[in-house]
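First comes the structure, then the notes that go with it.
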Amino acid sequence: MSTETNVKTPKTIPGPFNKMIYAAFTLLGLFFFIVKGSVSEGLMYIGLALVFDPFDQTVTWKQRPFYQKAWLIAHLVLALILFALMIILPVTK
């Protein structure tokens, strides 16, 4: 008798596409924040970049190496800082 689990694995974007999309969104966010000075647009792209996990998505959070956890947490902290700046700074046009 075999034991089967009904655990479904999440569908991921295969290959290097996650890394490319993650890098593109991160660079766009930094561009809009640093060059254009738009905190809200920078936040939008930086936050969306986290959706495209650049590391192996089949590995659970507990099993990930420290550097991957640190990278993703630092990215999240950057997004939270931009969110705080968006709330604190006045809108200038």
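If you take CG on L43 and CZ on F32, they are separated by 13.0 Å, rounding to the nearest 0.5 Å. The distance from atom CG of L85 to atom CD1 of I81, rounded to the nearest 0.5 Å, is 7.5 Å. Here the CG-CD1 distance, from L82 to I46, works out to 6.5 Å after rounding to the nearest 0.5 Å. We find the CD1-CG distance between I21 and L48 to be 11.5 Å, quoted to the nearest 0.5 Å. Note that CH2 of W61 is 5.0 Å distant from CG of L72, once rounded to the nearest 0.5 Å.
With D53 as the fixed residue, the salt bridge (charged side-chain N to carboxylate O under 4.0 Å, His left out) test singles out one of K19, R64, K69: R64.
Enclosure of atom CZ in F55 by more than 12 non-hydrogen atoms of other residues, nucleotides or ligands within 6.0 angstrom is indicated.
Taken together through direct or relayed side-chain contacts under 4.5 Å among Ile, Leu, Val, Met, Phe, Trp and Tyr, V77 and F66 form parts of separate hydrophobic clusters. Transitive grouping of hydrophobic side chains (ILVMFWY, heavy atoms separated by less than 4.5 Å) keeps L27 and V39 in distinct clusters. The cluster map of Ile, Leu, Val, Met, Phe, Trp and Tyr, joined by side-chain heavy atoms under 4.5 Å apart, puts I88 and L78 in different clusters.
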ask   = Run the side-chain contact (heavy atoms from CB on, under 4.5 Å) check on Q68 and V59 step by step: do they pass?
value = CA-CA 11 Å; Q68 289 182 3; V59 178; 5.6 Å; no
ask   = What's the verdict on side-chain contact (heavy atoms from CB on, under 4.5 Å) for F25 and V51, showing C-alpha distance, side-chain angles and the deciding distance?
value = CA-CA 10 Å; F25 272 94; V51 173; over 6 Å; no
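Within the structure, side chain to side chain donor-acceptor pair (under 3.5 Å) pairs that include any residue of residues 33-51 do not occur (at least two apart or interchain).
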